Amino acid sequence: MSPLFQGVLTVVIGVGGCIGYFWTSNLVLDKVLFPPRGPNAGRNINRANAIRPWLFLLPAMLALALYLVYPVFGSFWRSLFNRAGTDFVGAGNYVALMGDGEFRGALFNNFLWVLFVPAAATFLGLLVAQLTDRLKWGNIAKSLIFMPMAISFVGASLIWKFVYAVDPDIGIINAIRDTFGMAPVDPLQVGFWNNFFLMVILVWVQTGFAMVILSAALRGIPEETIEAAIIDGASPLQIFFRIKIPQIMGTIVVVWTTITILVLKVFDIVYAMTGGNFGTQILPSYMMEYMFRDDGRATAVAFVIMIIVLPVMVWNIVQANKEVR
Amino acid sequence: MANLKLTDVAKVYGGQVEVLKNIDLDIRTGELIVFVGPSGCGKSTLLRMIAGLEKISSGTLEIDGQVVNDVPPSERGIAMVFQSYALYPHMTVRENMQFALKIAKVSKAEMESAVEAAARKLQLTPYLDRLPKALSGGQRQRVAIGRAIVRDPKVYLFDEPLSNLDAALRVATRIEIAQLKEQMPDSTMIYVTHDQVEAMTLATRIVVLANKGIAQVGTPLDLYERPETEFVAQFIGSPAMNLMAGEIVGTGPTTRLRLHEGGGTIESGVPSREEDMGATVNVGIRPEDMIPAEGEDYAFRGKVDIVEALGEVTQLYFEVSRTGEETDTIIAKLQGIHTDIRGREMSLTAKPSKVHIFRNGVSLLYR
């Protein structure tokens, strides 16, 4: 069977199956289970309407249970077993993680990522949003800054590999050093700071996201409150920090936490740039290192990541809901 | 505590679109001036120019004898109350009122006492620590007024402050503003509205804006009793003044007029000159000045088309065909209850002192 035919067939079966499910289940509900006829017509209509939303939610809930809830428990269960998955080792994998210097290093690096990337991306995004707000060419500037969002992390890493290249004819950093007569260095091998050189890539990608959301939030601030502040004698800086920022605080938190969650998931950049060498390991790339070699330990790392993400996620959702209200 | 002087002020957008021109206005200390006019006449723009939120394209604005065209809003000694209240949503009522003083680095004790005093004046003391979103519309508007009072400005600017309130609250807040003005007799206030009841009840003087300029300035009753143009005559008062085509048939200290429609004649208290004899004019009578007439001395005769019985008054609508196709409505507002007059033929007249005469749109009183 040709792949094209397979694809078309999948689409037809999928879409047709969805339509078929919703149509027949609705029909059964209305015609067979609770027909709007007979002595109990009114009661039947109410019951059918009470059941209908569940009918429509059912496939999504099943899919979520299968692909989200089950894997959580499955992973946790797997993380309690040894490398081959044959012997129950209890918290053994977790104890081993704690004892592993590389894991502790990854944990510390991840901590740096979580501190730096969301802060830098949100700050730069806010700065760009405010600075381009009233500019004629603001939209062009914003489009340019947003563009990296469209690049995959691996693609972005490749671009930055050129930036960091040791050869002064390729890497801009070493080209600059070269003009000042300095010897070339490999930024990715500069201890500790190389973490930040990797983070810059993610900041570069995510600033566009922060900028777009915050730009919309800034525009949503009622113009009158700013005019009132002008009349009250506030300077542009005071207006920005005391009138604008507090009014978009909710959005800033949502952007910040969204990027934080993303940071805890990104492994591609480290994987593509250094492979976790030179002290740049972070949790997701550490997990990748063990995956397929020792699934017990890899799932234990996955679980640690999930525990770290969970509170941020909850806060993010709470804030986002507040914004909608 | 200041007088304002606008000299030949104009506003032009983008070098082409003229919004206001030739605005000359003298506002004295302690006056409450109301800008009224149809929507889009530039009344809010004029207010924002005084506030400093819009640039003055040409002409000068003086506050207390000092030209302030290029003085930033905060240094003009003005405070503004916005239609949408414009409260800072993240600050409590107290912080909202303190904000300007904090920016001006006023001492804490002074700030507290100013806020307390303003809150007492506006009955806001129990709400000082609430956020704006926990207040009703009327309370929010009072906070906005409080924020203005705290700054102790020379001039208060109100931009349609009651438009966002419901009808009952609007009346209550209007009375509060009137009382506030009484408590601060020396403060100068400029108030923009499209509601003529607000204009009539609050104003020391009303400025009617139309056609990019000032149509008339005067006390509320001045505008009502002696409108300068047909526009002002029809803009002030509700329902609008009836205008009927006619001709001058007798001149002197009082004027005799013959109406084209219906052919009646009527006396007006407006004096006229001999050369006015035979001139085509518009005769203006307010609906509430119309009285039933007997005999040949009537301003208008027609069949009652619609009757609106409001108890206190009865409004009669007469349909008049004017120049063939065009139809126009004449309205009469009679005191008390009148039943069974629908479809009846009726003659109406008015006292000579209530009959206005306009020639080419301008009252004969002002020439």
Side-chain angles (χ1 to χ4, degrees), chain A residues 122-123 125-127 129-130 133-139 210 213-257 315-316 318-325, chain B residues 44 47-54 71-92 95-106 111 131-133 140-141 143-161 163-164:
Chain A
T122 310
F123 172 75
L126 185 60
L127 197 68
Q130 168 70 16
D133 198 29
R134 293 284 159 81
L135 286 182
K136 262 197 186 134
W137 48 277
N139 280 335
I213 309 275
L214 294 173
S215 175
L218 281 176
R219 295 228 167 129
I221 296 174
E223 190 64 26
E224 282 91 353
T225 60
I226 292 155
E227 288 180 343
I230 292 173
I231 290 179
D232 275 349
S235 67
L237 270 185
Q238 283 170 324
I239 288 173
F240 184 67
F241 285 110
R242 297 172 74 165
I243 305 296
K244 285 187 173 180
I245 295 273
Q247 289 196 60
I248 61 166
M249 208 52 197
T251 312
I252 292 178
V253 169
V254 169
V255 169
W256 192 296
T257 49
W315 197 31
N316 179 273
V318 167
Q319 283 294 333
N321 280 345
K322 242 193 239 165
E323 283 295 289
V324 172
R325 224 172 286 148
Chain B
S44 280
L47 191 79
R48 291 166 59 82
M49 281 158 80
I50 295 171
L53 295 171
E54 283 305 333
V71 175
S74 57
E75 286 160 36
R76 291 188 180 191
I78 51 108
M80 187 153 167
V81 176
F82 292 84
Q83 178 179 356
S84 60
Y85 325 131
L87 299 180
Y88 310 127
H90 55 289
M91 297 186 195
T92 62
E95 288 165 340
N96 259 289
M97 298 213 269
Q98 285 175 342
F99 186 71
L101 303 181
K102 259 189 202 156
I103 297 284
K105 302 213 162 56
V106 170
M111 199 155 69
L131 285 175
K133 65 177 173 204
R140 284 181 206 181
Q141 195 49 283
V143 176
I145 294 169
R147 199 166 61 178
I149 292 176
V150 165
R151 298 186 56 208
D152 191 23
K154 294 183 204 162
V155 183
Y156 288 84
L157 306 176
F158 293 90
D159 190 3
E160 308 211 16
S163 315
N164 278 10

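Source: prediction; values computed, not measured. Sequence lines set the chain letters: A, B, ... in the order given, protein chains first and strands last, and positions in each chain run from 1. Hydrogens, waters and symmetry mates are skipped; everything else that's a heavy atom, side chains included, is used.
In A:F240, the CZ atom is crowded: over 12 heavy atoms of neighbouring residues, nucleotides or ligands sit closer than 6.0 Å.
Looking at B:A79, only its backbone comes within 4.5 Å of chain A, counting heavy atoms on both sides. With a 4.5 angstrom heavy-atom cutoff, B:I78 touches chain A via backbone and side-chain atoms both.
Between chain B and the options A:G233, A:A234, A:A228, heavy-atom pairs under 4.5 Å are most frequent for A:A228.
In this structure the side chain of A:I231 reaches within 4.5 angstrom of the side chain of B:L53, judged on heavy atoms.
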May I have a list of the donor-acceptor pairs under 3.5 Å that connect chain A with chain B?
unit_1	atom_1	unit_2	atom_2	d
A:E227	OE1	B:R48	NH1	2.9
A:E227	OE2	B:R48	NH1	3.1
A:E227	OE2	B:R48	NH2	2.6
A:A228	O	B:Y88	OH	3.4
A:A229	N	B:Y88	OH	3.2
A:I231	O	B:R151	NH1	3.0
A:I231	O	B:R151	NH2	3.2
A:D232	OD2	B:Y88	OH	2.8
A:R242	O	B:H90	NE2	2.7

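Contacts of A:N139 classified as side-chain hydrogen bond (donor to acceptor under 3.5 Å, both in side chains), with partners at least two apart in sequence or in another chain: none. Partners of A:S215 by side chain to side chain contact (heavy atoms under 4.5 Å, CB included), not counting sequence neighbours, listed by chain and number: A:A129, A:K142.
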